[in-house]
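A note on names: the letters A, B, ... follow the listed sequences, proteins ahead of strands, and every chain is numbered from 1. Computed from a predicted structure; not experimentally measured.
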Amino acid sequence: MDDQTRMLTGLTGLGGLSQPDVGDPDSVRKQQSLGQPQQDIGDILQQIMAITDESLDEAQARKHALNCHRMKPALFSVLCEIKEKTVLSIRGVQEEDPPDPQIMRLDNMLLAEGVSGPEKGGGSAAAAAAAAAAGGSPTDSSIEHSDYRAKLAQIRQIYHSELEKYEQACSEFTNHVMNLLREQSRTRPISPKEIERMVAIIHRKFSSIQMQLKQSTCEAVMILRSRFLDARRKRRNFNKQATEVLNEYFYSHLSNPYPSEEAKEELAKKCGITVPGVHTNTLGITHLTSVSNWFGNKRIRYKKNIGKFQEEANLYAVKTAVDAANVSAQASQANSPATPNSGISGYPAPCYTPDGRL
DNA sequence: AGTTATGATTATTT
DNA sequence: AAATAATCATAACT
């Protein structure tokens, strides 16, 4: 049943093909009788023209007959070639689209914000619970944080369902068009290349729609993020134990209060703000950053007004001295309990006086 | 309400 | 890149 229509294909363009040697496979026969093909073509043309005047049944039969014509496949390919050269090549070349930087930017951002990446649902609840268990202040801003997460998840869900919709629509439409073109390729010259190009065009169109989706998703995330960022400024003080640990380190390293990365890690752990496997606190900030912030603030504020911190300095000097004494006493009573710190660089050593004052 | 303390952010410096 | 200095915004205190 598919052969009937195919005939028209090869024949519609016959008028333009007066040269007899266009890709005819049957060259032997052609050489034997040069006048023959033109005659043939003329006949065929007439037959085609006559089809419209015939009844449906007759036309079908005629079509079928023509479709089976020995020259049909050759003619079809020639027509495709001609079409290719005259029409498609003109605008078909400038289409090696490089990966759009804009869409790559959007993709990267969505990935970074965890919208398009792999699902990470269960971790957040566990992390919040762990943070609550470990930290001194169980009911802090983790609520806001989970709010943020919930909203992000919502955006994420919408994004994915929309994306899926678009993808489905795209493939549906592509399929439809491809079928249509394949069907039509029986009645007019459409090369596979042309179909390919059509598909590419459709994909481009749909990807531009996708870009709009991505863009608006990005916008939504940005808005959410900015709101969250504002919320992030609602700072929570460290608990007493944490500041104690930090101060201890600071004043016992007053000569060089610059903890290395490892030391910061250690401090974060000691402060009880590090939860195993989780590297951000409830405010979404890296613990190391928090420790760094603390030391940055401490250094500058200490330097700015040493007098104000003297009391504190003495207090911690005593503390560490006592600790050191205890440790060394426990280890071996004989050896001298060395005082842990002494001023080396720009920072003066805290001067401990018995009455606790400078 | 006004003030201070403090964690985080931003701009600048080194 | 990391430290500093200035600044912001809020917690905590008076």
Side-chain angles (χ1 to χ4, degrees), chain A residues 108-109 112-114 124 127-128 130-149 151-152 218 221-275 278-319 341 343-350 356-358:
Chain A
N108 284 340
M109 187 195 149
E113 294 300 327
S124 63
S137 49
T139 54
D140 58 11
S141 64
S142 60
I143 296 128
E144 289 170 40
H145 198 204
S146 72
D147 197 42
Y148 170 78
R149 278 177 179 287
K151 292 223 168 89
L152 190 71
C218 272
V221 172
M222 290 292 249
I223 290 168
L224 180 65
R225 223 179 120 78
S226 75
R227 225 184 292 157
F228 174 66
L229 225 68
D230 286 348
R232 204 157 51 161
R233 299 195 92 118
K234 286 196 180 84
R235 63 159 234 283
R236 316 249 76 196
N237 289 359
F238 292 155
N239 60 41
K240 210 167 176 231
Q241 188 221 341
T243 51
E244 204 137 301
V245 169
L246 292 167
N247 271 319
E248 225 166 89
Y249 186 97
F250 181 77
Y251 286 112
S252 65
H253 296 73
L254 244 196
S255 56
N256 184 35
Y258 298 88
S260 63
E261 290 298 297
E262 299 86 63
K264 283 182 202 168
E265 196 87 63
E266 189 73 25
L267 284 165
K269 220 179 279 178
K270 261 182 155 181
C271 288
I273 51 177
T274 297
V275 178
V278 179
H279 296 290
T280 59
N281 62 22
T282 50
L283 297 174
I285 293 156
T286 309
H287 293 308
L288 284 181
T289 313
S290 278
V291 174
S292 298
N293 284 341
W294 192 91
F295 273 90
N297 284 321
K298 192 74 185 180
R299 280 192 300 260
I300 197 76
R301 282 163 188 167
Y302 180 84
K303 199 173 96 175
K304 246 183 175 171
N305 191 352
I306 294 176
K308 199 172 75 181
F309 286 90
Q310 210 56 63
E311 212 171 322
E312 193 178 68
N314 294 334
L315 200 140
Y316 281 99
V318 175
K319 214 175 175 49
N341 80 320
I344 297 171
S345 75
Y347 290 91
R357 298 195 159 271
L358 182 63

Closest heavy-atom contact between A:Asn247 and A:Tyr316?
CB-CZ, 3.3 Å
Calculate the interatomic distance between A:Asn237 atom CG and C:dC13 atom P; express it in whole Å.
9 Å
Any donor-acceptor N/O pair under 3.5 Å between B:dA8 base and A:Asn297 side chain
yes
For A:Lys298, answer base if it contacts any base atom (sugar-phosphate contacts may also be present), sugar-phosphate if it contacts only those atoms, and nothing otherwise; contact means non-hydrogen atoms under 4.0 Å.
nothing
When rounded to whole Å, the CG to C1' distance for the pair A:Leu288 and C:dA1 reads 15 Å
Measure the distance from CG on A:Asn239 to C1' on C:dA12 and round it to the nearest whole Å.
15 Å
Short side-chain N/O contact to B:dA8 OP1/OP2 from A:Ser290, under 4.0 Å
yes
Take the protein atom CG of A:Leu246 and the nucleotide atom C1' of B:dA5, then report the distance between them rounded to whole Å.
15 Å
Checking contacts here: which listed nucleotide (B:dT9, B:dA5, C:dT7) is nearest the side-chain heavy atoms of A:Lys308?
B:dA5
State plainly whether the residues A:Lys298 and A:Glu312 are in salt-bridge range, i.e. N to O under 4.0 Å.
yes
In whole angstrom, what separates A:Arg236's CZ from C:dA11's P?
6 Å
In this structure, how many angstroms lie between the C1' atom of B:dT6 and the CD atom of A:Glu312, rounded?
12 Å
Taking atom P of C:dT10 as reference, at what distance in whole Å does atom CZ of A:Phe238 sit?
18 Å
What's the spacing between A:Leu315 CG and A:Glu248 CD if we round to 0.5 Å?
10.0 Å
Strictly below 4.0 Å: does A:Arg299 bring a side-chain N or O up to OP1 or OP2 of C:dT4?
yes
Does A:Lys304 put a side-chain nitrogen or oxygen below 4.0 Å from OP1 or OP2 of C:dT4?
no
Do the side chains of A:Tyr258 and A:His253 get nearer than 4.5 Å, heavy atoms only?
no
Under-4.0 Å side-chain N/O to phosphate OP1/OP2 contact, A:Tyr258 with C:dA1
no
Taking CG from A:Asn305 and P from C:dA6, how many angstroms apart are they, rounded to a whole number?
14 Å
Which nucleotide in C:dT4, B:dT9, C:dT7 has an atom nearest any side-chain atom of A:Ile300:
C:dT4
Taking the ring centre of each residue, are A:Tyr251 and A:Phe309 less than 6.0 Å apart?
no
